[in-house]
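Below: the structure, in structure tokens.
Residue numbers begin at 1 in each chain, while the letters A, B, ... track the order of the sequences.
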Amino acid sequence: MKTDEKIYRERVYEIVRQIPVGRVMTYGQIAEILGEGYTARTIGYVMHAANTEIVPWQRVINSQGGCSTGKILLPYNIQQKILEEEGIEFNEKGRCKLDEYRWYPEDFESKIPEDNKQPSLFE
DNA sequence: CTCGTGACGGGGG
DNA sequence: TCCCCCGCCACGA
């Protein structure tokens, strides 16, 4: 098989594996980094299959700062529970401060906003 | 090959 | 802030 094909998923795991304890990344963020062919939607699909893989899947959340594990799989809010044990705090709405926990891979520093903080309430 | 289905995201009301 | 709608794209039937 082709080496450079690396399987669609492997490229995602490569990034997820780099997320440090106590930090998170969003589906859209990863999709933006990988670019071509990747969207938040597909990253979610890949993470769904990551259960059996060896990756800190729990550190990937949605752009609202919450866990989107849906209703299926895993006991209720298990993902949030794990993250809380890693030191991340969630409010009563099940959301954490992305501007405080979001992590940017070293290999993609160019993706970091100028002010090195969140671009959110920029305009 | 076509169709439906998502661990999503952003814009608009 | 919440809700709805539409675009996104890999994958299985």
Would you classify A:S63 as touching base, sugar-phosphate or nothing, given that sugar-phosphate means primed atoms plus P, OP1 and OP2, and contacts are heavy atoms under 4.0 Å? sugar-phosphate

Answer with base, sugar-phosphate or nothing: what part of the nucleic acid does A:R59 contact at a heavy-atom distance below 4.0 Å? nothing

Provide, to the nearest angstrom, the distance between the [atom1] atom belonging to [X] and the [atom2] atom belonging to [N].
{"X": "A:Y38", "N": "B:dG9", "atom1": "OH", "atom2": "C1'", "value": "19 Å"}
{"X": "A:I43", "N": "B:dA7", "atom1": "CD1", "atom2": "P", "value": "15 Å"}
{"X": "A:I7", "N": "C:dA10", "atom1": "CD1", "atom2": "C1'", "value": "13 Å"}
{"X": "A:L34", "N": "C:dC8", "atom1": "CG", "atom2": "P", "value": "18 Å"}
{"X": "A:Y45", "N": "B:dG6", "atom1": "OH", "atom2": "C1'", "value": "8 Å"}
{"X": "A:Q80", "N": "B:dA7", "atom1": "CD", "atom2": "C1'", "value": "15 Å"}
{"X": "A:I19", "N": "B:dA7", "atom1": "CD1", "atom2": "P", "value": "19 Å"}
{"X": "A:I61", "N": "B:dG9", "atom1": "CD1", "atom2": "P", "value": "9 Å"}

Do NZ/NE/NH1/NH2 and the carboxylate oxygens of A:R59 and A:E86 come within less than 4.0 Å? yes

Any side-chain N or O of A:R11 below 4.0 angstrom from OP1/OP2 of C:dA10? no

By nearest atom, which of the nucleotides [options] is closest to the [X] side chain?
{"X": "A:T26", "options": "C:dC8, B:dA7, B:dG9", "answer": "B:dG9"}
{"X": "A:W57", "options": "C:dC2, B:dA7, C:dC11", "answer": "B:dA7"}
{"X": "A:T69", "options": "C:dC2, B:dA7, C:dC9", "answer": "B:dA7"}
{"X": "A:H48", "options": "B:dA7, C:dT1, C:dC8", "answer": "B:dA7"}
{"X": "A:A40", "options": "B:dG9, C:dA10, B:dA7", "answer": "B:dG9"}
{"X": "A:Y8", "options": "B:dA7, C:dC2, C:dC11", "answer": "C:dC11"}

Between A:T42 and A:Y27, is there a side-chain donor-acceptor contact under 3.5 Å, judged purely by atom types and distance?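 No, because no side-chain N or O of A:Y27 sits under 3.5 Å from a partner of the opposite role on A:T42.
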
Does a donor on one side chain sit under 3.5 Å from an acceptor on the other, for A:E14 and A:Q18? no

Is there a side-chain contact between A:M25 and A:R102, using heavy atoms and a 4.5 Å cut-off? no

Would you say that A:L98 contacts A:V24 through its side chain, given a criterion of any heavy-atom pair below 4.5 Å between the two side chains?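 Sidechains of A:V24 and A:L98: in contact.
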
Need to verify one output field. Residue with the more 5' nearest nucleotide on DNA chain B, A:T42 or A:Q29? A:T42

